[in-house]
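So the structure is just underneath, and the comments pick up after that.
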Amino acid sequence: MGDATVTTREGPEEAVPHPVAERTGPGLLLRLRAPRRPRLWFEILLIAVSYWTYSLIRNAVPEQRAEALSNADWLWRLERSLGIAVEESVNHTVNGVTWLIVGMNYYYATLHFVVTLAVLVWLYRRHPGRYAATRLVLFATTGVALVGYYLYPLAPPRLMTNTGFIDTVLAHDTWGSMASGDLKNMSNQYAAMPSMHIGWSVWSGLTIFILARTPWVRILGLLYPVATLVVIVATANHFWLDAVGGLICLAFGFTVARLWYGALPYRLPRAVPVPGRTGTPARPSRAAGAEPAPAAAEEDPPVPARTRSGP
């Protein structure tokens, strides 16, 4: 007998091109990792709840005064052995210039929050494709810092008893610290390690320096964490090594974002990919004035499959 031609009917799965199937039905993990346009209401709620949780947990850490002072004494001895124990000299020198130290007190109390929020808003508006990953760095950095506060209570230099550090907020009657004066009962005073003033300021400074286009703005981005380091030391709120702890936490935050998104936040696309423009291009629409897709591709009959019957 001759060859018989048998035509098989393709199901919906076979009729749809493979790239489109991948684009319309990605796995849950891929959907979570894919950059998407941030929603304003969600971001405001997330940041507010996250900061409230951070403050709640930070202030709920037991204030182990004896252990915190003992750790501060040990850290101070370590810095002296390393030859970097200049915090007391910086504290006394800057405290002698009233306008400067008062300005630093207010700097310490305000810019820590103002600049960080401003950078988040800038990312949201100008770099939506990088926003979620960069925000993840900040959140992971802050989260691991909470672990440090719990495991290693540390008194700031201004609370040490056998040294000459000056609490500049008390000395000049300003409200430059949540842990001094009338506000001291609202914050855990023994959560100096790691320094999130450094962690957040370096995060802000790097983001500005790498993504900004105006040269003087990029320079300000570099100067901001340097100025913050001087402020936290001059006001006797932190040791140098507290700043190192903040940098370690920030490195952890970048590692988390790198593992989750597969790239550093600053290397991700600036804009959020538009659905239908990644992978296989979506079919142009008539409304957009584009040429319609040829119908022949859809009307072509399926390729017949040949089977041999008979001898």
Side-chain angles (χ1 to χ4, degrees), residues 35-59 103-146 149 174-179 183 186-188 191 194-214 216-232 235 237-238 243 246-247 249-250 252-254 256-257 261 264-266 268 270-272:
R36 64 189 66 189
R37 181 169 295 279
R39 293 165 290 181
L40 180 59
W41 68 267
F42 177 79
E43 294 303 324
I44 294 176
L45 181 63
L46 178 63
I47 292 173
V49 171
S50 298
Y51 182 73
W52 175 80
T53 304
Y54 163 73
S55 300
L56 184 67
I57 296 175
R58 182 182 185 272
N59 297 335
M104 287 187 173
N105 286 339
Y106 290 129
Y107 180 115
Y108 185 88
T110 59
L111 291 191
H112 178 52
F113 306 104
V114 172
V115 174
T116 304
L117 287 175
V119 173
L120 281 171
V121 171
W122 176 63
L123 284 170
Y124 177 87
R125 291 176 56 85
R126 303 298 298 273
H127 298 268
R130 298 162 179 155
Y131 174 84
T134 314
R135 182 198 62 199
L136 177 60
V137 174
L138 184 65
F139 281 26
T141 299
T142 306
V144 75
L146 292 174
Y149 299 148
T174 61
W175 48 269
S177 173
M178 288 290 290
L183 301 177
M186 299 177 58
S187 178
N188 180 11
S195 169
M196 279 300 92
H197 272 75
I198 291 300
W200 289 13
S201 66
V202 174
W203 174 87
S204 300
L206 280 177
T207 301
I208 294 171
F209 176 74
I210 294 175
L211 298 183
R213 297 181 178 180
T214 308
W216 66 266
V217 174
R218 300 182 68 201
I219 293 174
L220 286 179
L222 290 180
L223 292 179
Y224 173 55
V226 176
T228 301
L229 178 60
V230 175
V231 167
I232 67 172
T235 56
N237 280 293
H238 288 283
L247 292 177
C249 291
L250 183 62
F252 173 83
F254 275 109
V256 170
Y261 287 97
L264 291 175
Y266 310 126
L268 295 174
R270 176 176 181 173
V272 178

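Heads up: numbering here begins at 1 and tracks the sequence.
- Atom-to-atom distance recorded for His112:NE2 and Thr228:OG1 is 9.5 Å, nearest 0.5 angstrom.
- Contact record, Val217 with Ala212: CG1-CB, 3.9 Å, taken as the closest heavy-atom pair.
- Interatomic distance, OH of Tyr224 versus OG1 of Thr116, reported as 5.0 Å (0.5 Å rounding).
- With rounding to the nearest 0.5 Å, the separation of NE2 in His127 from CG in Leu211 is 4.5 Å.
- Between the side chain of Arg270 and the backbone N or O of Arg126 there is at least one donor-acceptor pair closer than 3.5 Å.
- Checked by atom type, the side-chain pair Trp200/Thr142 shows a donor-acceptor distance below 3.5 Å.
- Counting all heavy atoms, side chain and backbone alike, Pro265 lies closest to Ala257 at CG-CB, 4.1 Å.
- Smallest separation of non-hydrogen atoms from Tyr149 and Ala191: CE2-O, 3.4 Å.
- Residues satisfying the side-chain hydrogen bond (donor to acceptor under 3.5 Å, both in side chains) test with Ser204, not counting sequence neighbours, are none.
- The heavy-atom pair separating Pro128 from Ala271 by the smallest distance is CG-CA, 4.5 Å.
- Exactly one residue among Ile208, Thr141, Val115, Leu138 makes a side-chain contact (heavy atoms from CB on, under 4.5 Å) with Trp203. That residue is Leu138.
- His197 contributes a side-chain N or O that, together with a main-chain N or O of Tyr108, makes up a donor-acceptor pair within less than 3.5 Å.
- Within the 4.5 Å cutoff, no side-chain heavy atoms of Tyr106 are placed close to those of Leu111.
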Check against side chain to side chain contact (heavy atoms under 4.5 Å, CB included), Met104 and Val230: CA-CA 9 Å; Met104 287 187 173; Val230 175; 3.9 Å; yes
Criterion side-chain hydrogen bond (donor to acceptor under 3.5 Å, both in side chains) on Tyr266 and Thr134, from CA distance to verdict: CA-CA 8 Å; Tyr266 310 126; Thr134 314; 5.5 Å; no
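- Note that the CE atom of Met196 and the CD1 atom of Ile232 stand 10.5 Å from one another [nearest 0.5 Å].
- Between the CZ atom of Phe209 and the CG atom of Leu220 there is a distance of 12.0 Å, given to the nearest 0.5 Å.
- With hydrogens and angles disregarded, a donor-acceptor distance shorter than 3.5 Å links the side chain of Ser195 to the backbone of Ile198.
- Using a distance-only test at 3.5 Å, with no hydrogens or angles considered, no donor-acceptor pair links the side chain of Tyr261 to the main chain of Val256.
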